[in-house]
Amino acid sequence: MPDGETGLDRLPGSPRYDVVLVDLNLPDLGELGGIDFVRKAKEATPSLPCIVMTAFGSIPSAIEATRAGAFHYVTKPFKLDDVKVIVERAVQFGRLQEENDELKAQLKAKYRFENIVGNSEPMCDVYRIIERVARTESTVLILGESGTGKELVAKAIHYNSPRRHRPLVAVNCGAIPESLLESELFGHLRGSFTGAIANKQGRFSAADGGTIFLDEIGEMSPNLQVKLLRVLEEHAFEPVGGVKPVKVDVRVVAATNVNMEEAVRTRAIREDLYYRLNVIRIDLPALRERRDDIPLLLQHFVERFHRSPGPVPTLEQFFTPEALETLLTYQWPGNVRELQNLIERLTILKSDGRIQRSDLPERVVNGNPVTRDGWAPATEIPPEGISLKDEVNAFEDRLNKRALEMAHGNKNRAAELLRMNRTTLIEKMKRKRLGPLNRRGEGDTGFAEPG
Ligand SMILES: Nc1ncnc2c1ncn2[C@@H]1O[C@H](COP(=O)(O)OP(=O)(O)OP(=O)(O)O)[C@@H](O)[C@H]1O
Ligand SMILES: [Mg+2]
């Protein structure tokens with residue numbers, strides 16, 4: 001290459017280079033331009049080995065080049081054979097380095113959400129948000145029912161963020177009495193209240209440079225909400241009993257299972273705080289809204305709690321078909337946590353045979369089953385009453401649609417499945433414009449009648 005600039009221009013592009021051989025003294029980049037060149041080359045491609053050629057007598061600058069990341073230096077004049085050996089070694093080293101980087105990247109990708117199981121559409125949406133938001137400094141609000149994995153998501157955000165080498169501090173705002181929460185979060189000065197016998201550092205200070213996870217934020221008192229808002233806006237707070245503001249650099253991730261809009265409406269949550277927290281919001285789906293993930297989760301926990309010698313059983317080896325069907329159609333009000341606890345218990349209780357339906361807890365066996373696509377018939381009557389006709393109609397539609405779906409639109413077969421007359425089924429379809437179920441379990445109203 002004619003000069004340093006041209007070399008630098010070509011570095012990041014293709015073709016890829018195995019090794020760089022550069023003179024310390026570059027006509028266009030100056031007497032020590034080679035060092036700069038190495039630095040920039042390593043920045044662009046960390047695994048690219050650079051060899052620096054120096055004139056006799058400039059050893060100190062050669063050492064500086066090594067510091068900048070050069071693989072080796074050779075002093076002019078040199079024998080071509082000597083350089084050949086060094087170049088070969090450099091190429092080999094570069095390849096190893098590249099392989100190593102590749103492995104690390106793979107491991108990282110695997111580790112990324114290693115603990116979060118699920119590949120349903122709604123979970124993939126969640127992963128996409130985590131990935132995008134982790135690198136930023138934005139405040140994140142995680143919403144979801146109990147046991148849906150809010151804490152796991154908070155961890156994934158922190159450990160995939162540039163703050164991962166700094167602390168992740170979790171505070172459960174619902175578990176700490178209101179009178180203590182302020183001092184817990186912001187610390188206190190000695191003598192600021194009875195029992196404050198020494199200065200105490202708060203969790204915000206402990207999380208400096210890292211992330212604070214404020215769990216059950218919906219339980220925080222309005223008084224503290226004001227203080228939290230100030231930290232979010234000014235990155236500063238006063239410890240209890242203190243007047244001097246303390247500066248902190250903390251990223252806030254908050255979670256709650258309360259309905260935030262409702263909480264704002266009833267003034268349990270300040271509106272300004274809500275908007276400040278709600279910059280990026282992650283809604284975790286309930287398990288019944290992502291039923292495709294149930295088998296995956298069952299298998300995951302069967303593996304995780306597997307203790308006995310021998311290979312991990314498959315779901316078919318672990319459960320009888322009836323037991324498995326029951327689990328797949330159960331509502332899981334306690335979400336993943338309920339599923340996890342159940343498998344842990346079953347693993348302990350399990351003797352030689354498979355888990356039977358009768359081994360499952362009563363609430364699971366007798367719970368409101370849902371259809372595989374997540375629809376549950378009403379079995380409870382709410383205080384305001386219910387329309388029997390509507391419910392029975394809905395149930396009937398449901399079965400009709402399901403039969404059509406199973407029969408791939410073949411009305412004869414669908415009618416057979418329901419032990420009804422073909423013409424009766426067609427009449428019903430016409431009246432209700434029924435079509436096969438889509439993923440959400442809603443009828444496709446644009447259903448065209450085949451032939
Ligand atoms: N997608 C998932 N994959 C694997 N394990 C999960 C998943 N979601 C939750 N869990 C597990 O279920 C348990 C509950 O999860 P977590 O504590 O994150 O829920 P949460 O939403 O914070 O619940 P709560 O509102 O009750 O605090 C944990 O043990 C967690 O490891
Ligand atoms: Mg939690």
Side-chain angles (χ1 to χ4, degrees), residues 136-143 146 150-155 157-159 161-282:
T136 72
E137 297 280 302
S138 296
T139 303
V140 183
L141 179 62
I142 308 170
L143 300 176
S146 185
K150 295 186 291 295
E151 189 156 354
L152 277 188
V153 169
K155 284 183 184 156
I157 291 173
H158 173 75
Y159 287 109
S161 79
R163 296 172 173 262
R164 65 178 154 272
H165 301 299
R166 305 285 306 153
L168 168 65
V169 174
V171 184
N172 187 333
C173 305
I176 301 171
E178 199 202 313
S179 54
L180 294 182
L181 187 57
E182 181 173 3
S183 126
E184 189 65 32
L185 287 175
F186 304 107
H188 62 240
L189 298 187
R190 188 164 71 100
S192 54
F193 54 87
T194 332
I197 47 171
N199 288 350
K200 180 186 144 99
Q201 191 200 41
R203 301 291 192 96
F204 263 98
S205 301
D208 202 18
T211 307
I212 196 164
F213 174 48
L214 299 176
D215 205 357
E216 296 190 32
I217 189 92
E219 308 292 318
M220 193 179 265
S221 72
N223 173 27
L224 269 184
Q225 288 178 31
V226 178
K227 209 156 169 174
L228 175 60
L229 186 62
R230 168 137 184 254
V231 186
L232 289 171
E233 279 172 350
E234 295 166 28
H235 308 282
F237 61 86
E238 282 103 34
V240 178
V243 284
K244 262 205 349 234
V246 176
K247 281 252 159 212
V248 278
D249 165 29
V250 173
R251 183 203 204 158
V252 175
V253 175
T256 179
N257 55 20
V258 310
N259 178 332
M260 282 298 258
E261 281 80 22
E262 182 63 20
V264 169
R265 218 179 47 74
T266 61
R267 307 204 185 245
I269 291 286
R270 292 176 58 103
E271 197 169 2
D272 45 7
L273 177 67
Y274 171 62
Y275 287 120
R276 197 63 195 69
L277 285 174
N278 200 25
V279 183
I280 307 281
R281 158 181 181 150
I282 300 182

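Among all heavy-atom pairs drawn from Gly241 and Leu189, the shortest one is O-CD1, 3.5 Å. Of all heavy-atom pairs between Arg270 and Pro222, the closest is CD-O, 4.1 Å. Between Pro167 and Ala207, the shortest heavy-atom contact is CG-CA, 4.3 Å. Counting all heavy atoms, side chain and backbone alike, Val258 lies closest to Ala263 at CG2-CB, 4.4 Å. In plain terms, the two heavy atoms of Val279 and Thr139 that are nearest each other are CB-O, 3.8 Å. Residue Ile142 comes nearest to Ala154 through the heavy atom pair CD1-N, 3.8 Å, listed as atom of the first residue, atom of the second, then distance.
In this structure, the separation between CZ on Arg230 and CG on Leu273 is 14.5 Å, given to the nearest 0.5 Å. Rounding to the nearest 0.5 angstrom, the gap separating the CG atom in Leu214 from the CZ atom in Arg203 is 10.0 Å. Here CG of Leu141 is found 10.5 Å from CD1 of Ile280. Values are rounded to the nearest 0.5 Å. Here the CG-CG distance, from Leu185 to Leu180, works out to 11.0 Å after rounding to the nearest 0.5 Å. Here Thr136 contributes atom OG1 and Ile157 contributes atom CD1; the two are 8.5 Å apart, rounded to the nearest 0.5 Å. Interatomic distance, Ile217 CD1 to Tyr274 OH, rounded to the nearest 0.5 Å: 13.0 Å.
Considering Leu181, Val231, Val248 as possible partners of Phe186, the one that fulfils the side-chain contact (heavy atoms from CB on, under 4.5 Å) test is Val231.
Looking only at distances, a side-chain donor or acceptor of Asp208 sits under 3.5 Å from a matching main-chain atom of Asp249. For the pair Arg276 (side chain) and Leu232 (backbone), a donor-acceptor distance under 3.5 Å is present. In this structure, the side chain of Lys247 engages the main chain of Glu234 through a donor-acceptor pair within 3.5 Å. Of the possible polar contacts, one joining the His188 side chain to the Ala198 backbone as a donor-acceptor pair under 3.5 Å is found. With hydrogens and angles disregarded, no donor-acceptor distance shorter than 3.5 Å links the side chain of Glu182 to the backbone of Leu224. A side-chain donor-acceptor contact under 3.5 Å links Arg163 to the backbone of Gly210.
Within the 4.5 Å cutoff, the side chain of Phe204 has no heavy atoms near those of the Pro239 side chain. Annotation: side chain of Asn278 is not in contact with side chain of Met260 (no heavy-atom distance under 4.5 Å).
Using a cut-off of 4.0 Å between Lys/Arg side-chain N and Asp/Glu carboxylate O, Glu238 and Lys227 are scored as not salt-bridged. One finds a salt bridge joining Glu184 and Lys200 here, because a Lys/Arg side-chain nitrogen approaches an Asp/Glu carboxylate oxygen to under 4.0 Å.
Heavy atoms from other residues, nucleotides or ligands lying under 6.0 Å from CD of Glu261 number more than 12. When the shell of 6.0 Å around CZ of Phe193 is examined, it contains more than 12 heavy atoms from other residues, nucleotides or ligands.
Aromatic rings of Phe213 and His158 (six-membered ring for Trp) have centroids beyond the 6.0 Å cut-off, not under it.
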Task: Verdict with reasoning, Thr211 to Val250, per side chain to side chain contact (heavy atoms under 4.5 Å, CB included) - done: CA-CA 5 Å; Thr211 307; Val250 173; 5.9 Å; no
